[in-house]
Structure formats: structure tokens, C-alpha cells
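Okay, structure first, notes after.
Side-chain atoms are counted along with the backbone in the values below, which use heavy atoms only and exclude waters and symmetry mates.
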Amino acid sequence: MAPENQTTVLEFHLMGLSEDPDLQTILFGLFLSMYLVTVFGNLLIILAIISDSHLHTPMYFFLCNLSLVDIFFCSTTVPKMLVNIQTQSRAISFTGCLVQMYAFHLFGTIDSFLLAVMAIDRLVAIAYPLRYSVLMSPHVCALLVGGTWVITNLQSLVHTCLMARLTFCARSEIPHFFCDLMPLLKLSCSDTHINELVIFAFGIVMGLSPLSCILVSYICIFRAVFRIPSAQGKWKAFSTCGSHLTVVSLFYGTIFTGYLLPASPSSSQKDKAAALMFGVVIPTLNPFIYSLRNKDMKAALRKLGSKAVSFQS
């Protein structure tokens, strides 16, 4: 219970990335550009996949979902950050803070599960090519994506409900550019023991499950590829995994360096950098990673561009 001489906080103040006005102007231009690239690039990926019948396969179905989630993920934090910089206001309501926290952890976790599903898809395609159409049928693909949404929504809902029951008093400044779990818990004047236990439990289960799935899938993929007799066949098999491996390395490399390393005096800045990396930078890079190294995707984008030009003329 909050002490009687303290006023319950109804809104928070996001400290952002910097208080320097000149640097804020630079950050506004930088993150506005990155946000537009993220939305436009991922929308192009989605439209190209939908419009080209050759890309109506499980691999591109999952990529389409990943691009959609990346748009939502980036939209969770960047627009609010841009508004705060432009208006010089750092306020966010308690309800708005909970919604932002819910969405950030929802789409961030969906990203990791979709990467795991895409690893499974590559494993089936390389190790069991003759059974691929049966094992990765449209029904199975829909179940994998639908199950991911259900599980991750449940996690975010539990975190949000537990956070909503806490009392926040006195301090209202969040040393971050968005509402995240741990910075919020540090501001609470309630007992946060249950919240911390749930965060730890979900972190283990929801964090290690997709990562373990990816690692096991690629161990099996490497074993299957090394059994292919020709060097050309090995390269062709590996080439279908290149983009996915790049994104996985960026995503989990950021999480490990940003959140799993021991705390230090600069932990707050490290957490901001990690959140920026996998919440803003990686969704911006994904369209380039999946299109520049993919002949089918480049062909689909050219067809989409041709259709757009012919429609205008």
C-alpha cells in the first residue's frame, strides 16, 4: 500500500535518449527516416509476396508475417518518441504506458518465435524435401503462426495485469525512451516480488524456447547439408538460410549483449542501445537483408514496381 503522504502517480515522464536540444534535432531526423524506411520497406515485402503467386510458399508466408510484426514493433515506440521530441513533452499516461509495454513485449516475443518457425521451415525444406508440402501445409503454417500469437499475447497480458496492480508514487521519471518492464518496476512503491518472479520465469521459457528451437534446427540442417555430395548442392542449401541466419545473429546478439551481460554503471545506456537495436534498427534492416540476397524477392519487387508504373500511366 502507498503511504498516505504520497500521491499516486497517474502519468510518467520518459527521459528519452538525450536532453541536448541539438542532439534531439538530429535524433528526430534520424529516427523519422528509419521509421519511414521500416514501414515502407516492410510494406513492399508484404505487397510483393501477396502479389506474386510464385511466393505463395511457407517460407514467404512466414516472412510476410515477420514484416507485418516488424511494422507494429517499430510503431510501438518510435512515433511516441518522435512526438515527445517535437513537442518537448515527455509525459505518457499510466494507461498509455501499460499499452506500450504490452505491445513492445508482444511484438518483440512474436519476432523471436517467428524466427524459430522460419528455422523449422528451413529444416523441413532441406532435410525432408519430398515431404515438405505435407509437413508444411497451409493448415500447419496457420497453426504455427496462430499459436505464436496466442502464446505471446498471454505472456504480455500477464505482465500487464501484474504491473497494473502495483502502486507508483513519488518518482515518475522513467530513464528510457519507452515504458519497459524493469524501469517501471524500479519506480513502484509496492511489493514487486511476484512481478520479478514472473519476469524471470517467462524470460527463461519464452526466451530459451525459440532460441533452442533455432539452434537444434540449424544443427540438423548442417548435418543434412554435409550429407549432400556436391559442393553446388551444399551451397544452394546454405544460401536459402543466409538471410535468416543474419537476422537471427543480429536479434539474439543484441539481446545477449544488452540484457544478459552483468549490470554495470552504464546499464541504463546499454539497455537503451539494445532496445533501439532490436526494436528499431533490426526491423529497418530486415527488408534489405531479405530482399538484396534473394533473387525471387528481387524479381517480385521488380514486378510490383512495373505494375505500379503501368497503373500510374
Side-chain angles (χ1 to χ4, degrees), residues 1-19 72-85 87-110 112 149-207 255 258-276 278-280:
M1 238 178 123
E4 291 182 4
N5 63 346
Q6 289 182 314
T7 303
T8 301
V9 174
L10 299 178
E11 70 175 19
F12 298 99
H13 294 84
L14 299 168
M15 298 306 293
L17 298 173
S18 173
E19 297 183 8
F72 292 146
F73 194 18
C74 198
S75 299
T76 300
T77 57
V78 176
K80 178 61 178 174
M81 179 171 60
L82 294 175
V83 169
N84 287 357
I85 293 174
T87 61
Q88 295 298 305
S89 171
R90 299 173 177 175
I92 183 171
S93 67
F94 180 67
T95 301
C97 198
L98 290 181
V99 170
Q100 191 178 58
M101 185 191 75
Y102 180 97
F104 184 84
H105 285 276
L106 169 65
F107 297 122
T109 310
I110 289 178
S112 65
W149 278 88
V150 171
I151 293 170
T152 51
N153 265 288
L154 179 61
Q155 176 201 230
S156 294
L157 184 62
V158 170
H159 283 320
T160 305
C161 290
L162 287 175
M163 189 68 73
R165 73 181 182 86
L166 300 180
T167 302
F168 297 86
C169 38
R171 294 183 303 152
S172 63
E173 294 182 344
I174 301 175
H176 217 313
F177 65 92
F178 74 100
C179 293
D180 202 0
L181 275 170
M182 296 312 296
L184 269 177
L185 282 184
K186 292 176 181 178
L187 297 181
S188 176
C189 49
S190 304
D191 181 11
T192 61
H193 184 64
I194 294 177
N195 296 69
E196 291 167 1
L197 284 176
V198 171
I199 290 172
F200 178 77
F202 270 121
I204 295 295
V205 175
M206 305 294 279
I255 291 176
Y259 289 100
L260 299 183
L261 290 180
S264 66
S266 61
S267 289
S268 177
Q269 296 302 318
K270 185 180 66 176
D271 291 348
K272 289 181 186 179
L276 278 174
F278 75 81
V280 181

What's the verdict on side chain to side chain contact (heavy atoms under 4.5 Å, CB included) for Leu17 and Met81, showing C-alpha distance, side-chain angles and the deciding distance?
CA-CA 9 Å; Leu17 298 173; Met81 179 171 60; 3.9 Å; yes

Atom of [X], atom of [Y] and distance for their closest heavy-atom approach:
{"X": "Asp191", "Y": "Leu166", "answer": "O-CD2, 3.7 Å"}
{"X": "Gly96", "Y": "Ser93", "answer": "N-OG, 2.9 Å"}
{"X": "Met101", "Y": "Leu181", "answer": "SD-CD2, 3.5 Å"}
{"X": "Cys74", "Y": "Pro79", "answer": "O-CD, 3.8 Å"}

Rounded at 0.5 Å granularity, tell me how far [atom1] in [X] sits from [atom2] in [Y].
{"X": "Thr192", "Y": "Leu184", "atom1": "OG1", "atom2": "CG", "value": "11.5 Å"}
{"X": "Cys97", "Y": "His13", "atom1": "SG", "atom2": "NE2", "value": "11.5 Å"}
{"X": "Ile174", "Y": "Met182", "atom1": "CD1", "atom2": "CE", "value": "13.0 Å"}
{"X": "Phe107", "Y": "Tyr102", "atom1": "CZ", "atom2": "OH", "value": "8.5 Å"}
{"X": "His176", "Y": "Leu14", "atom1": "NE2", "atom2": "CG", "value": "9.5 Å"}
{"X": "Leu276", "Y": "Phe178", "atom1": "CG", "atom2": "CZ", "value": "8.5 Å"}

Between [Y] and [X], is there a side-chain heavy-atom distance shorter than 4.5 Å?
{"X": "Phe202", "Y": "Thr109", "value": "no"}
{"X": "Met163", "Y": "Phe168", "value": "yes"}
{"X": "Asn84", "Y": "Ile92", "value": "no"}
{"X": "Met206", "Y": "Thr152", "value": "yes"}
{"X": "Phe12", "Y": "Leu187", "value": "yes"}

Does Ile194 have more than 12 heavy atoms from other residues, nucleotides or ligands lying within 6.0 Å of its CD1?
no

Residues in side chain to side chain donor-acceptor pair (under 3.5 Å) with Thr95, at least two apart?
none

Please determine, by modelled atom types, if Asp180 and His105 share a side-chain donor-acceptor pair under 3.5 angstrom.
yes

Measure from the side-chain N and O atoms of Gln100 to the backbone N and O of Cys179, and report whether any donor-acceptor pair falls under 3.5 Å.
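Yes, because the side chain of Gln100 sits within donor-acceptor range (under 3.5 Å) of the backbone of Cys179.
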
